Protein chains: 2
Amino acid sequence: MKRPTLEAVAARAGVSRATVSRVVNGQLTVTPQIRDAVMRAVDELGYVPNSAARSLVTQRTDSVALVVSEPPTRVFSEDPMFSTVIRSASLELEAADRQVVLMLAGSPKSHARIERYVAGGHVDGVMLISMHGADPLPAALARMGVPVVSYGRPAVPVPLPYVDNDNVGGAEKAVRHLLDRGRRRIATIAGPQDMIGGQDRLTGYRDALRDSDRRSIVAVGDFTRQSGAVAMRHLLQDDPHLDAVFVANDLMAIGALQALRQAGRRVPDDVAVVGFDDIEAARYTEPPLTTIRHPVSEQAAAMVRLLLGLLRGGPAASVVLPTELVVRDSA
Amino acid sequence: MKRPTLEAVAARAGVSRATVSRVVNGQLTVTPQIRDAVMRAVDELGYVPNSAARSLVTQRTDSVALVVSEPPTRVFSEDPMFSTVIRSASLELEAADRQVVLMLAGSPKSHARIERYVAGGHVDGVMLISMHGADPLPAALARMGVPVVSYGRPAVPVPLPYVDNDNVGGAEKAVRHLLDRGRRRIATIAGPQDMIGGQDRLTGYRDALRDSDRRSIVAVGDFTRQSGAVAMRHLLQDDPHLDAVFVANDLMAIGALQALRQAGRRVPDDVAVVGFDDIEAARYTEPPLTTIRHPVSEQAAAMVRLLLGLLRGGPAASVVLPTELVVRDSA
DNA sequence: AACCACGCTGAGAGCGCTTCCAGAAGTGCT
DNA sequence: AGCACTTCTGGAAGCGCTCTCAGCGTGGTT
C-alpha cells in the first residue's frame, strides 16, 4: 500500500504530471474542467504531495527551527513563559503553513548538531530563544546566511533582528511607581547579569533612581525563587530601613515575599514589593503581587512575523514591545 | 554561494559519488585511505548532506512529530508538565539523532492539517500527547500505518501503544495514606471525567475506599486552581464534617487549600489534603502539600524509546510507570 | 483565406542522493 | 602461471516533484 504519486493522479485524471502539479499548487492557468478532473483524482486516491521531492527541487522546506538555548540555571524550562512562547510561535507559524522543528541547545555538542542541521538547509529560517550572554550560537547562525531572528535582544552585539520587550522602561515604571507612593529607600533584587533581561532591568532601576536623589541598593539573584529569598535577607541585613524593593522577576519576588514574612515585615505597609513578568502565580501570592506585565505571546508572534517577513525578503527591523504596570496589593 | 553536493566532494576527493555516499553514511567497505581522502574533502568543502534528497530515496525523514492535543480548558499549556514532557522527549530524540516536529492540535482544522502532514510521510512516527477523551486524532493516526505512540493511555480504546503512569495505583496510595492516618470522612475532588487521568484517579479513590467501609464524597473540577477552590466549598457544604480530601491534581489542591483557609479549617488538623502530580508549587504551599509524584520526564523518555523501538520494527508494548507518595505537611 | 498571437498542455530535464549491479583489482590456491 | 574467489569502486538508474520550453489548437485580424 504505497502512497500515490503525481504520476498516478495524472494517469487517473488522464493528464500529464505537469498539469497535476499546476493544479495542486494552485496555478490558475488550468482549464476549470481539467482542474476539476484532477481534483477528483486527487481526492479519490488520497494524494498528498511528497515534501522531500518537493523541497528537493524548490529548495524550500516550509519549516523553521525553534532553537531554545537553556541557561545554566534551568529556570527557563520550568518557566511558564517557555511554553507560552512555544505555543504562541507554533500557532502563528501554523497559520502561515510552516512547520516548527524544535531544537534544544543545551550543550556545546548540541550546538554543533544545530549548526550542521541549519547549514544543511533543513529549515528555511531560525528562531532563537537564548537568554544568556555567552551563547556563541546566535553569532554562528547569523554568519551562515540563513534568516535568523531572536526572542529577546541578544546579549552580545550581533547583527540579528530581534523582538524584545522594553525591560528598561518596565523597570523604570516599577521604580517610578514606588517613588510615587512615597517610598524613600528602594532596593532591587537584580537578575543574573549574564542575561540581557537581568542587565536591562537593573539599568532601568538605576535610570529611574538617578533622576531622584535616592541611592541604589542592589542584590543579585539568578531568577529562581530561592535566590530571591536569599537576596532579600541580604538586603534586609544591609539596610534594615529599606521600605521598598523592585525585584527583577516574579519568581524571585515570591521568594522575597517569603523572606519578608519570615523577617516580620508587613507587605506593603513596611516594605512595598514590585515584581516583573506577571506570571500566573503573582495573582495568588499573599498579598497579590504588583508587577510589570509584558506581552509574551505577542512577542513570540511578532518574532514569527519578523522571520516570515525576512523569508519573503523583507527588512530586518527589530521590534520592542511596551510593558505595563499591574497594580495589585504588594505596592 | 551554493552548498556543496556529493558531486563536488567526489570531484575533490577524486572518487565517485557512490563512494562518497558510502563514507558519509559510515559504511565500512571503503578502504581507509580513500575514506580519509573523502573525509578531508568533506571537511574542506563543509559538505552537509541534503536531507530532502536523502529522504526522497530512503523514504525516511529521521524526524518524528510531537503532536500536542490541547484540552478545551487549556490547563495543559499553563501546566509545567507540558514543558517537562517536551523537553525530555526532545532530549531523548536528539540523542537518537531524530528531529522533533512540534504540532499543536487545537481545532478540527488543525487535525486535518496534521493528518495530511503525517499521511504525507513527512515524519517517520508520531508521539501523541492527548488528554481528553473525545479526541478523534489518535484513532485517525493509528489507522494510517504510521507508528504512533501516546503519552498517557488513550481515553477511548484504540490500538495504540502508550506510556502512562499508574494513576489508579497512585490515587489508591493517596487514599490509603489518609486511611492510615485515621481519617474517617475522605472526600475527593476529581478531575474532568473526559480525561483519562481524571477517570483513573477517581477509580483509584473509589477502589481504595471500597475496601474500607467509608462512603465516597465526590466533587468534580477541571484541573484548574479555581475549580479546586469551588469544588472544596461545595464539599464543605455537602459534608461539613469531612476530615480529609484527595485532590486529583496539585493545581486544584492549591485551590482547595485556599478555600479551606477561607472556611477557617486548619490543614492538616481539621482536614488533611493530598494532591497529585508533585508540581514545583506543591513545595511552597501553606502547609507544604503531600502529594503523589509521577515521573514525567521518564514517562516522556519511555515514550520516545517505545516509538524508536517501533521504528526499528519492535513490539508495541505499552508501559505503565509507578508513582510515589511524597509526604509533606498537609496530610 | 492565410497568418499571427495567445492560452493551455505535455515532454523532459534535473534537483541531490542511495543503491544495485557489474567490473576491476587483489588474494590465495593448485 | 593460471584460476577461482573475494573485496572494493564506479556507472547508472531512479526516488517524486517542479518548471522551462516547445507545440498544439483556437480565435481574431488583415
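Quick caveat: nothing in here was measured; it's all calculated off a predicted structure.
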Heavy-atom closest contact (A/P315 atom, A/L310 atom, distance) = O-CD2, 3.8 Å
Close side-chain approach of A/V68 to A/L128, heavy-atom, < 4.5 Å = no
ask   = What residues in residues 12-25 of chain A put a non-hydrogen atom under 4.0 Å from any atom of DNA chain D?
value = A/R17, A/A18, A/S21, A/N25
task = Rounded to the nearest angstrom, tell me the gap between atom CG in B/L6 and atom C1' in D/dA12.
result = 15 Å
Integer-rounded Å distance: C/dC15 C1' and B/L56 CG = 9 Å
query = Any side-chain heavy atom of B/L104 sitting closer than 4.5 Å to one from B/S110?
reply = no
note = Closest non-hydrogen contact found for A/L93 with A/V64 is CD1-CG2, 3.5 Å
request  = Find out whether A/V42 and A/R12 are in side-chain contact, i.e. whether some heavy atom of one side chain is under 4.5 Å from a heavy atom of the other.
outcome  = no
query = Among residues 28-36 of chain A, which contact DNA chain D at a heavy-atom distance under 4.0 Å?
reply = none
inquiry  = Does any part of the side chain of B/P49, heavy atoms only, come nearer than 4.5 Å to the side chain of B/R54, both counted from C-beta?
reply    = yes
request  = May I ask you to check whether over 12 heavy atoms, not counting those of B/R35, lie within 6.0 Å of atom CZ?
outcome  = no
ask   = Rounded to the nearest Å, what distance is computed from the CG atom of residue A/D62 to the C1' atom of nucleotide D/dC17?
value = 14 Å
key: Side chain of A/N50 - closest among C/dC17, D/dG16, C/dC15   = D/dG16
message = In whole Å, I'd like the distance from the CD atom of B/E7 to the P atom of D/dG10.
response = 12 Å
ask   = Roughly how many Å is it from CZ in B/R54 to C1' in D/dG14, rounded to a whole number?
value = 17 Å
query = Do B/D164 and B/V319 come close enough that some side-chain heavy atom pair is under 4.5 Å?
reply = no
key: Heavy-atom side-chain proximity of A/R3 to A/N50 below 4.5 angstrom   = yes
ask   = Just checking, any donor-acceptor pair under 3.5 angstrom between side chains of A/T19 and A/S16?
value = yes
key: Any A/V23 side-chain heavy atom under 4.5 Å of A/M39 side chain   = yes
inquiry  = Near DNA chain C, counting only heavy atoms under 4.0 Å, which residues of residues 39-47 of chain A show up?
reply    = none
